[in-house]
There are 2 protein chains.
Amino acid sequence: MSPIQGTRTGGRSARVQQAVHDAVRDLQSERSRSELSVPLVAQHAGVTPSTVYRRWGTLQELLADVARERMRPDDPPDDTGALDTDLKAWARLYLEEISSSPGREYVRDLVASEGEENSEQCNRYCQVKIRAILDRAARRGEPHPDADTVTDRVTAPIVFRVFFSQGDPEPEWAETLVDKLLADL
Amino acid sequence: MSPIQGTRTGGRSARVQQAVHDAVRDLQSERSRSELSVPLVAQHAGVTPSTVYRRWGTLQELLADVARERMRPDDPPDDTGALDTDLKAWARLYLEEISSSPGREYVRDLVASEGEENSEQCNRYCQVKIRAILDRAARRGEPHPDADTVTDRVTAPIVFRVFFSQGDPEPEWAETLVDKLLADL
DNA sequence: GTCCTAAACGCAAATTCTTAGCTTTAGCTC
DNA sequence: GAGCTAAAGCTAAGAATTTGCGTTTAGGAC
């Protein structure tokens with residue numbers, strides 16, 4: 001039985017999805033956003049444009065779909081032995097990731113997409129990592145904030161500053177956010 | 001001598017800009033984002049599409065330009081007599097504004113635009129209001145955080161939650177952000 | 001006020017993107 | 001493996017975008 005009645009998830013459909021995603025990633029690495037188009041992606045993927053239009057609707061939605069995939073957490077965050085250093089290492093990495101040129105594009109694509117599922121999913125991925133760090137702290141018996149507080153005091157300021165303030169924040173700034181958070185516990 | 005060599009700011013150019021902005025606002029109030037197009041806006045504004053393309057480049061950039069205009073601060077925030085209540089009133093209003101359906105669209109349009117000038121300008125508008133509140137607190141002799149701290153602890157979480165968390169936050173939640181900020185002073 | 005220059009607009013042709021209808025292919029169930 | 005149908009391919013019509021060129025007009029100089 002398939003997960004959703006009458007929706008095909010394997011075989012050709014899966015291959016097309018894979019080919020289109022790969023094409024987007026390839027093209028993103030060598031062309032600017034304004035040079036991308038549905039027909040171009042379709043050609044590189046070896047499918048017809050109408051297939052892409054039917055499945056994703058617009059280039060924007062396709063880009064958001066690809067961005068969400070790229071944000072999927074791969075490895076659990078490094079265990080440095082203490083909450084303070086775990087959170088700082090993660091915050092630093094996160095800031096570097098989303099302030100990088102491709103990182104900005106991904107977040108931009110997520111926010112620009114019509115529905116909010118993609119952005120929400122992305123935040124959930126983020127919280128998975130945060131919770132892994134907090135769980136370790138709990139097991140060590142360290143006092144720790146909850147995941148929502150970390151989101152409000154570390155993740156949110158990082159994302160906000162990258163998108164709404166001029167100039168790139170220094171990696172150290174992410175660590176000061178963690179310092180302040182832990183000082184207020 | 002004109003401010004920027006060879007850039008026209010008055011007369012016909014100004015009228016066209018006004019007409020196009022007005023057309024966008026009119027259309028936004030009665031149509032969904034996906035129904036907007038450059039030719040449609042141009043027609044309502046009584047100009048040719050090529051004029052819009054040449055001045056703004058894409059629909060996205062035009063929408064970001066309009067959104068920035070709408071975010072411009074109008075009145076100074078209400079003076080309720082104390083920092084705590086001033087900040088809470090502002091935070092509540094801000095949350096309501098950007099979590100509203102048109103508000104979300106404006107922020108979306110800002111972030112989606114190519115350059116970052118529009119988003120940055122928007123944050124500056126926001127900080128103008130925050131600073132007005134903090135200045136009043138300073139004059140009253142109240143202890144107060146700096147504007148960047150308010151941005152990190154109130155503005156950023158509000159924006160982040162509206163765009164990356166599912167479900168609409170309650171207005172009261174914005175006030176708790178202020179409570180926590182002031183408690184940690 | 002008049003003239004000059006170039007920025008900005010209008011128009012229209014050429015190109016590219018998007019959509020819709022129909023046909024074909026290939027997963028899935030039995 | 002036969003039948004069913006979602007999803008892909010194909011093609012043509014329609015819409016949006018880009019571009020070149022002529023015209024208008026704002027802004028500065030005299």
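Residue numbers begin at 1 in each chain, while the letters A, B, ... track the order of the sequences.
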What is the separation between atom [atom1] on [X] and atom [atom2] on [N], rounded to the nearest whole Å?
X     : N      : atom1 : atom2 : answer
B:L40 : D:dT17 : CG    : C1'   : 15 Å
B:Q18 : C:dC9  : CD    : P     : 14 Å
B:L59 : D:dA15 : CG    : P     : 18 Å
B:Q17 : C:dA8  : CD    : C1'   : 13 Å
B:Y53 : C:dA12 : OH    : C1'   : 15 Å
B:W56 : D:dT17 : CH2   : P     : 15 Å
A:E35 : D:dT18 : CD    : P     : 13 Å
A:Q43 : D:dA8  : CD    : C1'   : 18 Å

Any idea which of [options] is nearest the [X] side chain?
X     : options               : result
A:R15 : C:dG27, D:dA16, C:dC9 : C:dG27
A:R54 : C:dA8, D:dG9, D:dT18  : D:dG9
B:R8  : D:dG9, D:dA26, D:dT19 : D:dA26

Are any of the side-chain nitrogens in [X] or [Y] under 4.0 Å away from the carboxylate oxygens of its partner?
X      : Y      : result
B:R92  : B:E172 : yes
B:R68  : B:D109 : no
B:R153 : A:D152 : no

Check: Where each residue is assigned the nucleotide of DNA chain C containing its nearest heavy atom, which of A:S50 and B:S50 is assigned the position nearer the 5′ end?
Finding: B:S50
Margin query: I want to confirm an ordering. Mapping A:V47 and B:G57 to their closest nucleotides on DNA chain D, which one lands closer to the 5' end?
Written below: A:V47
Check: So, does the side chain of B:R12 form a donor-acceptor pair with the base of D:dG27 at under 3.5 Å?
Finding: no
Item checked: From CH2 (B:W173) to CG (B:L95), nearest 0.5 Å -> 7.0 Å
Check: D:dA8 phosphate, OP1 or OP2: any side-chain N/O from A:T51 under 4.0 angstrom?
Finding: no
Check: Within the structure, does a side-chain N or O atom of A:S37 lie under 4.0 Å from either OP1 or OP2 of C:dC17?
Finding: yes
Next item on the list: Output yes when a side-chain donor or acceptor of B:R140 lies under 3.5 Å from a complementary backbone atom of B:G81, and no otherwise.
Entry: yes
Note to self: Just to be sure I understand the rule, does B:R55 reach a base, reach only the sugar-phosphate, or reach nothing, if contact means heavy atoms closer than 4.0 Å?
What the structure shows: sugar-phosphate
